[in-house]
Asks: 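Just dropping this structure here.
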Amino acid sequence: MQEANKIWMNGELVDWADATVHVGVHGLHYGSGVFEGIRAYETPKGTAVFRLSEHLERLERSAKLLYMELPYSQEELKAATWDLIGANELPSCYLRPIAFYGYGQLGVSARDNPVDVAIMAWPWGAYLGEDGARKGVRLKTSSFVRFHHNSLMPLAKASGHYVNSILAGYEARRNGYDEALLLDVHGYVAEGSGENFFIVRDGVVKTPPLNSVLPGITRAAVMKILRDASIEVVEQTFPRDAVYIADEAFMTGTAAEVTPVRELDDRMIGAGVPGPVTIKVQEVFRNALHGRDARYRDWLHYV
Ligand code: PPE
């Protein structure tokens, strides 16, 4: 990763190299942490953070689902984010707030450990590569199933949940694909290892409902953009064969932004190039991120 100068940690800005923890922290052993991924972009009016409130609210909900009380208020975390961006002088960056059970007791059910909170900021380019963002990525249906909501909680963005994503993402890449597509326990399409998933067929856009997928903030933004463009979008379960015969498919996420999908399981989707709906969404989304679309101005929080 490309290092920056400072990291906000437990209320202070510390040098990048000094933002360390003890190997005995609970979160490291058991994944008992919650985090966010946020992006800040350059706009004509300076650096703007995309949907900061929504991300920090999701962080708080994730914490609640893990019985965790965040030791900082939403306002404090917002102020910390501004301080961090200012201290690092980054015109655009990826932001990673994380809260985890810290050092104290070990043992799965330790309850009294302090909660450590940190926010990192660093430059991060196209998640699935520049080529992927332009031409589309190749997916493989994963042999790993997206976890059931009675095993873990898809509504929480929790550190430990990501072992599921790591297994799927690693498997797909080892087999020469760009990313994994995970099915849910019923065999329906869920999402990527770090992205929500959409298909387009006969002008209608479909995305899986929030049963087993992360409630993506980009997903919500893209649904709004589609509706504003009078393109029908529905939350509906669909199996993998619906993807094979879709006209278009794309993935969304903070890191991935809007990434076209050109193949699933070596089957070409549509013409094998980004389709008109995908291109339109990518363009409107990019304009919104950079403050060039007045309709979406309230998605940007200026530093
Ligand atoms: N599903 C998963 C499993 C997921 O991790 C993400 C974000 C999304 C959907 C999209 O959510 P949103 O960012 O709110 O639109 N994945 C984050 C982490 C990626 C990583 O490798 O770390 C991200 O995009 O920041």
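Along the sequence shown, residues carry numbers from 1. In listed order, ligands and their atoms are each counted from 1. Hydrogens, waters and symmetry mates play no part in the numbers below; they use all other heavy atoms, side chains included.
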Asks: Give a yes or no on whether a salt bridge exists between R295 and D228, defined as a side-chain N under 4.0 angstrom from a carboxylate O.
Replies: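 No, no charged N to carboxylate O under 4.0 Å.
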
Asks: Check for me whether R146 meets the cation-pi criterion with Y188, that is, NZ or CZ under 6.0 Å from the six-membered ring centre and within 45 degrees of the ring axis.
Replies: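 No - R146 does not lie over the ring of Y188 by the 6.0 Å and 45° rule.
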
Asks: For the pair R262 and E248, find out whether any cationic side-chain nitrogen is under 4.0 Å from an anionic carboxylate oxygen.
Replies: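 No.
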
Asks: Quick check against the 3.5 Å criterion: does H29 have a side-chain atom that pairs as donor or acceptor with the backbone of L106?
Replies: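 Looks like no, no N/O pair under 3.5 Å.
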
Asks: Taking the six-membered ring of Y244, is NZ or CZ of R267 closer than 6.0 Å to its centre and within 45° of its axis?
Replies: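 Judged by the rule, R267 and Y244 form a cation-pi pair.
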
Asks: With side-chain contact (heavy atoms from CB on, under 4.5 Å) as the test, pick out the partner of V222 among V281, V205, V284, N196.
Replies: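 So the option named by the test is V281.
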
Asks: List the protein residues in contact with ligand 1, where contact means a heavy-atom separation under 4.0 angstrom.
Replies: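 The 4.0 Å shell around ligand 1 contains G37, R58, Y94, R96, W124, Y127, K157, Y162, E191, S193, G194, E195, N196, L214, G216, I217, T218, T252, G253, T254, A255.
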
